[in-house]
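Letters go in sequence order (proteins before strands), and every chain restarts at 1.
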Amino acid sequence: MIDIAILRTQRDALAASLARRGVDFDLDALTDLDERRRQARVRAEEVRANQKAAGKAIATLVGEEKAEAIADASQLAEDYKALIADADALDEQFNSIWVQLPNMTDPTAADGLEEEDAVEIRTVGSPRIFDFDAKDHVELGAELGVLDVERASKVSGSRFGFVMGDLAIVEFALIRYAMDMLMPHGFKPMIPPVLVRDHALYGTGFFPGDAEQVYSITDDDLFLVGTSEVPLAAFHADEIFDEDELPVRYAGYSTCFRREAGTYGKDTRGIFRVHQFDKVEMFSFVRPEDSAAEHEFLLAREEELLGGLELPYRVVNVAAGDLGSSAAKKYDIEAWFPSQGRYREVTSTSNTTDYQSRRLKIRYRSESGNELVHTLNGTAIAVGRILIALMENNQNADGSVQIPQALVRYAGFEQLTAG
RNA sequence: GGAGAGGUGGCCGAGCGGCCGAAGGCGUUCGCCUGCUAAGCGAAUAGGGGGUGUAAGCCUCCUCGAGGGUUCAAAUCCCUCCCUCUCCGCCA
């Protein structure tokens, strides 16, 4: 949710921001509604103030005077009820529209509406040229006996996988690798709940917009998170930090659940796009003036992690129209996937400015009063896709897979081999 | 799943129809004092919306878990829901 003051004082900037996202909103109607709701509120409050004053006087009166005063106050109470109902209805009408507005777009976010409009910032490493027929991760995994998607579909349907044996150990290695890399930078390891209540999803901007991507446990009014960003952000809901506590950084490890509604026929092979995967997610709470730098900082951590795994990748600045509702700016890192012959997203880091903190009421005490913090998130390790990238990029002609040096100390072996 | 207790400001904790947005304590901040960062003294100290003002400020409304209700008046009474804790049962 963005600041309502922006509608009143920076309407042109808001209109420009929406235009860059390709979102169409009738701001004139919204401004009109905003004015009417405030007027209604003032009318109701005037009557309420009179009613309260009258009520206080009653306590000091007796007999007929008292009876008369009660009758008068009674009328005021009735009037107030009608007026406040009016004001509340207008508020509700306004808010239902307002929460749908996406975050203000950062001027440095790339122009364009589509995924393809992302602007490449840099490429690191280069795709490997194979002197043998490279296999994809499904084939490699099956032959090595470390990945089974066929049985997964028997058990759970499409878009699931069993990660097995040494490949499972590589996941554990990746997690520890990520934590060891992040902890020195002040990230606290967290294992959050993956079932959350709806306020956490509203607070992070996934509801109402992206509700169709979220698994719901209707019997208990709980929802499975698609990223630990959700519980990590909501962790500090309704709290006020002391300024010197900031920045607060977390590295959350959790399973992530996504319905992938509307992606039929897209990335259907293997575990590239699945309903369930594990991820280490970075999350930061910072002062507003620090968020742009923090965003670069998170990107730097992502590059450090990927670079350490020796994977070829490129960094892109995501187009305004492809940002999602809560991000003002977003960088994706795309690693090279040999079987697809192209770069695909493996991490994503967003500066959500005060969009989430406003909804979650996360503030800090500053000299000029309490202010909303800025929140940012970024993928440290999306396990499934990294496992694919490692297998496909580091495969040998005999179907074995080389483990990057940085992981060997955690995994305890240097290769994935059959048998 | 069964039985009970409770949800009040940064924290603890009183209040149980009107003088309560809320005693008292702790903490924090500012000032004073004391020949050292201790004690003591004084003051300030919840969040949010709206109006007005260049601003400091002033006015006003809402919030004592959430939402309804009773009443001229609700933290206080009634209803529904949520959450936490204790005991029992079950369980990784």
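- Taking atom CD1 on Ile58(A) and atom P on A73(B), their separation rounds to 8 Å, with Å as the unit.
- Mapping Gly55(A) and Ser74(A) onto RNA chain B via the closest heavy atom, the residue that lands nearer the 5' end is Gly55(A).
- Between Phe283(A) and Phe285(A), the gap from one ring centroid to the other is short of 6.0 Å.
- Of the possible donor and acceptor atoms, none in the side chain of Arg344(A) sits under 3.5 Å from a partner among the backbone N and O of Arg385(A).
- Ring centers of Phe223(A) and Phe206(A): at least 6.0 Å apart, outside the cut-off.
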Using a cut-off of under 3.5 Å, enumerate the N/O to N/O pairs linking the protein to nucleotides 79-85 of chain B.
unit_1	atom_1	unit_2	atom_2	d
C82(B)	O2'	Arg197(A)	NH1	3.1

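- For the residue pair Arg301(A)/His185(A), the side-chain donor-acceptor check at 3.5 Å is satisfied.
- Other residues, nucleotides and ligands contribute only 12 or fewer heavy atoms inside 6.0 Å of the CD atom of Glu150(A).
- Atom P of nucleotide A73(B) and atom NZ of Lys66(A) are separated by 13 Å, given to the nearest angstrom.
- Qualifying side chain to side chain donor-acceptor pair (under 3.5 Å) partners for Gln276(A), counting only residues two or more places apart in sequence or in other chains: none.
- The main-chain N or O of Ser348(A) is found under 3.5 Å from a side-chain atom of Thr379(A) such that the two form a donor-acceptor pair.
- Proximity of Gln75(A) to the phosphate of C72(B): no side-chain N or O atom is located under 4.0 Å from OP1 or OP2.
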Step-by-step side-chain contact (heavy atoms from CB on, under 4.5 Å) determination, Val170(A) to Leu416(A): CA-CA 9 Å; Val170(A) 173; Leu416(A) 293 174; 4.3 Å; yes
Sugar-phosphate or base contact per nucleotide [nucleotides 47-65 of chain B; S, B, -; heavy atom under 4.0 Å]: SSBSS--------BSS---
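- To the nearest angstrom, P of A74(B) lies 10 Å from NZ of Lys81(A).
- One can place CG of Leu61(A) at 16 Å from P of A73(B), the figure rounded to the nearest angstrom.
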